[in-house]
Amino acid sequence: GQNGIFLRGPIVRNIAEPQPELDWDWSLPKFATCLLAALGLGAALWASFLSRSQLSRPLLPGVAMLLGALFITALTNVLTYAQLPAPQGLAATLGLLALGATTAAVLRKKVRLPPRGTASAWPGWESWAFAVILLIVFARIVEFPITQWDGRSIWFFNARRIFTHGMFLKSDIMHADSLWSHPDYPLLFPAWAAFFSSFNATFNERMASLAIPALLAGTLSLLWQLARRRVGRWPGAALALGLYFAVDHATAGGYVDGFLMFFLLIEFLAFSFTKGDLEPLAWLAAMAASLTKAEGIILAGIIALTFTAFRSRRGLRPFLVFVPAILHKAWIGSLGIDSLLKGKSLTDAAFDFFPRLGTALALAPSLWMDQGYTQLHALLWAGLGGLLVTAALIAILQKAHRLVKITLVIIALQISFAFGSISLLPEDVSWFVGTALDRLLLHPAALLTFLPFLFLLTQKGPDAKAH
């Protein structure tokens with residue numbers, strides 16, 4: 001009845017190698033260097049592929065930031081698929097070299113800057129409001145750690161893994177006890193966050209968290225300019241500010257749903273101009289959305305397909321921007337990770353679809369009554385208000401422009417996707433509604449806030465006085 005321990009062989013004393021001292025402080029010079037490196041990567045890509053496009057000069061910083069994030073994501077994906085560890089700071093070093101080369105090419109006039117655009121395209125004095133907000137966000141991120149669930153347990157946890165190994169190690173992705181961290185998610189944000197710790201000996205979460213205001217600066221500058229150009233200076237500024245404040249709490253806490261919303265709005269607004277000069281930006285935003293979250297490829301694809309169908313544009317080549325997201329899903333699937341049905345058969349999912357849908361629809365109104373963990377209910381109310389105002393305008397004027405019809409189709413498809421995914425996936429419906437439905441409805445709600453302005457601005461003839 002006694003247990004004993006038997007030792008076989010000599011006892012080996014392992015002497016641990018000295019570990020580098022943990023680095024918790026933030027550094028403005030390191031942040032500025034990473035920011036310049038990211039802009040350098042994007043500027044080089046713009047000079048190589050988009051310098052002949054009709055994008056105006058005020059859009060260039062935001063486009064460069066977007067392209068830089070896409071390059072960092074692509075590099076991380078390739079290294080992950082090949083399981084090749086990157087030397088620390090590789091992307092940042094490449095970015096600084098690219099910045100120098102692009103600057104020299106511009107100074108030597110081998111690369112021409114985009115056209116300056118009209119005076120109205122340049123930021124007005126009210127743009128300082130955004131600058132002040134970004135400075136406040138920067139100070140807030142520096143002072144307070146990332147505390148919300150997705151930020152800590154998904155995005156920055158995976159960013160630490162990428163930083164530690166120079167890529168996403170296959171054993172980390174397949175580790176059964178950490179599948180709760182969603183290692184199957186696209187790598188744009190964790191790769192971007194890891195990039196901002198490039199010049200630290202160990203992963204520095206304070207530096208990595210500064211990736212949030214950096215990406216906000218790029219995406220909000222694009223949204224700010226496109227919204228003002230589409231619906232007017234003051235309505236556009238108000239909508240851009242309001243949409244930011246609607247997702248401020250979640251974004252500062254590490255959720256990326258706000259960034260996904262911004263990418264989708266940039267895609268929508270860039271496609272909404274019939275001239276076509278902003279179409280390259282629309283496809284870039286669609287690509288960024290598809291690499292941000294699992295649902296991004298569906299939501300971005302809805303916008304792209306709807307505009308393509310209504311505008312009768314030929315050719316499917318631009319849809320190649322979705323290939324990286326599809327490849328990532330295929331590679332994750334090749335590892336045996338079922339990130340969709342999680343073992344539930346398709347037959348059972350189809351059988352349970354309508355009962356789960358009825359439960360989700362019954363629970364959905366509670367989202368408007370409770371601000372929830374991510375505090376997104378204000379935007380849901382704004383979207384509901386936009387829908388009611390637009391319905392009243394259509395009833396009064398009895399006329400809707402094609403752009404309004406396109407927007408309504410996109411909104412309907414996005415809402416259908418939100419409830420359809422909850423009805424199909426195996427998680428508990430009440431849990432899913434309480435934790436995820438508001439973030440899925442975020443995107444059609446954002447479009448609904450634009451809808452009354454789009455309706456009025458597209459009126460022609462006798463009804464144009466409604467403008």
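Predicted model, so just to flag it, every value in this text is computed and none were measured. All residue numbers refer to positions in the sequence shown, counting from 1.
The side-chain heavy atoms of Leu55 and Asp277, taken from C-beta on, include no pair separated by under 4.5 Å. The closest side-chain heavy-atom distance from Thr274 to Arg311 is below 4.5 Å. Using a 4.5 Å cut-off on side-chain heavy atoms (C-beta onward), Leu188 and Pro186 make no contact. Ile411 is listed as a side-chain neighbour of Ile415, based on a closest heavy-atom distance under 4.5 Å. Within the 4.5 Å cutoff, side-chain heavy atoms of Leu299 are placed close to those of Gln414. The shortest side-chain heavy-atom distance between Phe450 and Thr407 does not fall under the 4.5 Å cut-off. Within the 4.5 Å cutoff, side-chain heavy atoms of Phe138 are placed close to those of Leu210. Side-chain contact between Thr80 and Trp331: present, with at least one pair of heavy atoms (C-beta onward) separated by less than 4.5 Å.
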> Does the side chain to side chain contact (heavy atoms under 4.5 Å, CB included) test come out yes or no for Leu367 and Leu376, once each step is laid out?
Replying inline: CA-CA 9 Å; Leu367 297 176; Leu376 299 174; over 6 Å; no
>> Checking Trp224 against Leu220 for the side chain to side chain contact (heavy atoms under 4.5 Å, CB included) test, could you report, in this order, the C-alpha distance in whole Å, the side-chain angles of both residues, the deciding distance, and whether it holds?
In response: CA-CA 6 Å; Trp224 176 268; Leu220 286 177; 5.7 Å; no
>> For a side chain to side chain contact (heavy atoms under 4.5 Å, CB included) check, start with the C-alpha distance between Phe245 and Ile133, then their side-chain angles and the critical distance, and finish with the verdict.
In response: CA-CA 10 Å; Phe245 283 124; Ile133 289 171; 3.6 Å; yes
>> Run the side chain to side chain contact (heavy atoms under 4.5 Å, CB included) test on Leu265 and Leu243 for me, step by step, so that the C-alpha distance in whole Å, both residues' side-chain angles and the decisive distance to 0.1 Å come before the verdict.
In response: CA-CA 10 Å; Leu265 284 173; Leu243 289 169; 3.5 Å; yes
> Under the salt bridge (charged side-chain N to carboxylate O under 4.0 Å, His left out) criterion, do Arg206 and Glu143 qualify, and how do the steps go?
Replying inline: CA-CA 9 Å; Arg206 294 184 77 183; Glu143 188 65 24; 5.2 Å; no
> Under the side-chain hydrogen bond (donor to acceptor under 3.5 Å, both in side chains) criterion, do Thr73 and Trp192 qualify, and how do the steps go?
Replying inline: CA-CA 7 Å; Thr73 307; Trp192 176 253; over 6 Å; no
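Of the possible donor and acceptor atoms, one in the side chain of Gln88 sits under 3.5 Å from a partner among the backbone N and O of Ser198. Judged purely by atom type and a 3.5 angstrom limit, Gln225 uses its side chain to pair as donor or acceptor with the backbone of Ser221. Proximity of a side-chain donor or acceptor of Thr458 to a complementary backbone N or O of Phe455 within less than 3.5 Å is detected. With Ser197 contributing its side chain and Asn204 its backbone, the two residues share a donor-acceptor pair below 3.5 Å. For Trp368 (side chain) and Leu380 (main-chain N/O), a donor-acceptor pair under 3.5 Å exists by modelled atom type. Side chain of Ser181 to backbone of Ser178: a donor-acceptor contact under 3.5 angstrom is found. Checking side-chain atoms of Arg140 against main-chain N and O of Ala252 turns up no donor-acceptor pair under 3.5 Å.
Phe262 and Tyr244 make their closest contact through CZ-CA, 4.1 Å (heavy atoms, listed as atom of the first residue, atom of the second, distance). Nearest heavy atom pair, residue Leu35 against residue Phe196, reads N-CE2, 4.1 Å. Considering all non-hydrogen atoms of both residues, Phe168 and Gln83 come closest at O-NE2, 3.1 Å. Residues Trp180 and Phe157 come closest through the heavy atom pair CH2-CE2, 4.0 Å. Shown here for Leu59 and Leu278, the closest heavy-atom pair between the two residues is CD1-CD2, 3.6 Å. Across Pro324 and Met287, no two heavy atoms sit closer than the pair CG-CE, 3.6 Å.
Residues Trp155 and Tyr185 place their aromatic rings such that the two centres sit under 6.0 Å apart. Between Phe163 and Phe195, a ring centre-to-centre spacing not shorter than 6.0 Å is recorded.
Summarising the local packing, CZ of Arg112 is surrounded by 12 or fewer heavy atoms from other residues, nucleotides or ligands at distances under 6.0 Å.
From Leu448, atom CG reaches atom CG of Leu387 across 5.5 Å, with rounding to the nearest 0.5 Å. With values rounded to the nearest 0.5 angstrom, Ile422 atom CD1 is found 9.5 Å from Phe417 atom CZ. Put simply, CG on Leu70 and CG on Leu45 are 8.5 Å apart, with the number rounded to the nearest 0.5 Å. Residue Ile297 holds its CD1 atom at 11.5 Å from OG1 of Thr292, rounded to the nearest 0.5 Å. Rounded to the nearest 0.5 angstrom, Phe453 CZ and Leu239 CG are separated by 4.5 Å. Atom CZ of Phe432 is separated from atom OG of Ser421 by 5.0 Å, given to the nearest 0.5 angstrom.
Residues His328 and Tyr81 have side chains that bring a donor and an acceptor to within less than 3.5 angstrom of each other. For the residue pair His443/Glu295, the side-chain donor-acceptor check at 3.5 Å is not satisfied.
Geometrically, Arg230 engages Phe273 in a cation-pi contact defined by less than 6.0 Å to the ring centre and at most 45° from the axis.
Taking the charged nitrogens against the carboxylate oxygens, Arg160 and Asp172 have no contact shorter than 4.0 Å, which rules out a salt bridge.
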